[in-house]
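Here is the structure we will look at, set down as structure tokens.
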Number of protein chains: 2
Amino acid sequence: MDTPAPRRTRIQQEKRELILEAALEVFSTNGFRGSTIDQIAEAAGMSKPNLLYYFRRKEDIHETLMQRLLNTWLAPLRELDDIGDPLTELRSYIRRKLEMARDFPRESRLFANEILQGAPRIMPMLEGELKTLVDEKAAVIKGWMRAGKIARTDPWHLIFSIWATTQHYADFDVQVRAVLGPNRGGDGRFEDAARFLEQLFIDGLKPKS
Amino acid sequence: MDTPAPRRTRIQQEKRELILEAALEVFSTNGFRGSTIDQIAEAAGMSKPNLLYYFRRKEDIHETLMQRLLNTWLAPLRELDDIGDPLTELRSYIRRKLEMARDFPRESRLFANEILQGAPRIMPMLEGELKTLVDEKAAVIKGWMRAGKIARTDPWHLIFSIWATTQHYADFDVQVRAVLGPNRGGDGRFEDAARFLEQLFIDGLKPKS
DNA sequence: CTAACGTTTGTCCAATCGGTCAAAATTTGC
DNA sequence: GCAAATTTTGACCGATTGGACAAACGTTAG
């Protein structure tokens, strides 16, 4: 099945972490093709041959990074469950996703880069694992609609819109900060976003009559 | 001021267009650093030195492309006007943006790539022209809220959410299609998205009581 | 202490990168 | 039709790329 449990020394574990941390920084801002091993090595504070001792190819780093990312990235959606009030469930899913955009912006950008480039390295996972999960959760949401707990609409596009609006604050961060300016673009922007998104998804824009 | 009106022959105009078209394709999927002059030249059906006869540096191509993009890209927001019913205005702004994602996905991805990489080449424009325009339109929206025409919320984040949800269908197209599958991921996905987004922005998710 | 093993480095390589240049081929103005 | 101007090409350049490799350096267990 998977890699047969590679035995690693303490130094190997530490150095591999160091490299992955540096590579996350570099890959997430330059994309795979736009990043160089030298850049990653320098960011990790080691020589290029030394880095290649721990990861034999540039692709191996990216692949490892991607595998880790996908697990944590889908965790919030996995938590979306049928127990509890539907509107509250969706609200807290949105909140969790927004928190991830705030706390792990580099992971979000790494993912965005991969998708933008046509997902050449993770396409099977999108069509497999991801689609299965989304279909499953769409069914849950459909159940809520049939029960009259939330408005009837398209569950898949609902999930897309949650992804889009929350990840926007990580992927387009520089634009968000530039437009909001130095006053409103500070640390409070995520709380403003949280408030706005909650209102948007729950009540929409129609004025209360 | 600007470039002093470069006189160009017919061939120059045509070939420059050809190159820009090819470069749009390449840059939008690989980013600036990840793209090579050879790739663009091949996509344009000419030799590398020939391409460099029309654009002396790789950056010149990207810059020209970016300047053109920004004009057309902000056109829909410029059209957002104070005349007419606010909810209708917003609805048609969303529709126009979604049509742009459908008809000009490469332009959207080119822009996304630039922002993802920290907007090194267009930061002044974000803080200048873009911020000014958004602030201006946010004031218009605020007026609608004060007049009770739409619900009170944050106009800036409202604009962000429209950008995010619509551009998502261009930037994350491969993911959207992978998740929707061969049946629902076909040509109809933009109409489904349009229907969903209209409902989301107008009414939200709360069930009609 | 030392032999075995794990780690680090300098040097090197072929391929590719952005870009130059002079010469050849073509188009254009008259 | 012909000369001048424009366009196209092949050959080439130095820098950078991903990666190989052997030698040097550290670490650790007995």
Side-chain angles (χ1 to χ4, degrees), chain A residues 3-66 110 113-114 117 120-121, chain B residues 3-66 110 113-114 117 120-121:
Chain A
T3 316
R7 295 236 180 99
R8 305 206 208 278
T9 65
R10 178 187 51 89
I11 292 185
Q12 267 171 359
Q13 285 176 21
E14 289 174 4
K15 291 296 170 85
R16 282 175 64 96
E17 284 309 313
L18 230 159
I19 292 168
L20 289 172
E21 159 68 22
L24 175 59
E25 187 72 30
V26 175
F27 280 141
S28 67
T29 54
N30 296 109
F32 181 76
R33 288 215 50 195
S35 303
T36 72
I37 300 183
D38 293 273
Q39 282 178 315
I40 301 172
E42 198 199 327
M46 63 179 69
S47 65
K48 181 168 67 170
N50 196 185
L51 183 148
L52 286 165
Y53 170 72
Y54 293 103
F55 291 91
R56 288 170 62 206
R57 294 177 310 154
K58 182 184 170 184
E59 271 208 61
D60 292 348
I61 310 175
H62 192 266
E63 197 184 317
T64 306
L65 223 42
M66 212 48 107
L110 178 68
N113 257 305
E114 176 69 11
Q117 286 162 22
R121 278 166 272 270
Chain B
T3 317
R7 296 239 178 97
R8 303 204 209 281
T9 65
R10 178 184 51 88
I11 293 185
Q12 268 172 359
Q13 285 177 21
E14 288 174 6
K15 292 297 170 84
R16 281 174 65 95
E17 283 311 312
L18 232 159
I19 292 168
L20 289 172
E21 159 68 25
L24 175 60
E25 187 72 31
V26 175
F27 279 141
S28 67
T29 55
N30 296 109
F32 181 77
R33 287 214 52 194
S35 303
T36 71
I37 299 183
D38 292 274
Q39 283 178 313
I40 300 171
E42 198 199 327
M46 63 179 68
S47 66
K48 181 169 63 169
N50 197 185
L51 182 150
L52 286 165
Y53 170 71
Y54 294 103
F55 291 91
R56 289 170 60 203
R57 293 178 312 155
K58 182 183 170 186
E59 270 207 64
D60 292 347
I61 311 176
H62 191 266
E63 198 184 316
T64 306
L65 223 41
M66 212 48 108
L110 178 66
N113 257 305
E114 176 69 10
Q117 287 162 21
R121 276 165 275 271

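All figures in this text were calculated on a predicted structure; none of them were measured in a lab. Proteins get letters first, then strands, A, B, ... in listed order; numbering begins at 1 in each.
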Is atom CD of B/Q39 surrounded by more than 12 heavy atoms (other residues, nucleotides or ligands) closer than 6.0 Å?
yes

Distance test, side-chain N/O of B/Q12 to OP1/OP2 of D/dT6, below 4.0 Å
no

How long is the line joining CZ of B/R33 and C1' of C/dG18, in whole Å?
12 Å

Are the charged groups of B/E114 and B/R121 less than 4.0 angstrom apart, N to O?
yes

Has B/R56 got more than 12 heavy atoms of other residues, nucleotides or ligands less than 6.0 Å from its CZ?
no

Heavy-atom closest pair, residues B/Q117 and A/T29:
CG-O, 2.9 Å

If you go through the side-chain atoms of B/K58, does one of them form a donor-acceptor pair with the base of C/dG19 closer than 3.5 Å?
no

Touch class at under 4.0 angstrom, heavy-atom based, for A/I37 against every strand present
sugar-phosphate

Would one find a side-chain N or O of B/S47 under 4.0 angstrom from OP1 or OP2 of D/dT9?
yes

Reckon A/Y54 touches a base, only the sugar-phosphate, or nothing at all at heavy-atom distances under 4.0 Å?
sugar-phosphate

Identify which nucleotide among C/dC17, C/dG19, D/dG19 has an atom closest to any side-chain atom of A/R57, counting heavy atoms from C-beta outward.
D/dG19

Phosphate OP1/OP2 of D/dT7: any B/Y53 side-chain N/O under 4.0 Å:
yes

Under 4.0 Å from OP1 or OP2 of C/dT9: is there any side-chain N or O of A/N50 that close?
yes

With sugar-phosphate meaning primed atoms plus P, OP1 and OP2, does B/K15 contact a base, only sugar-phosphate, or nothing at under 4.0 Å between heavy atoms?
sugar-phosphate

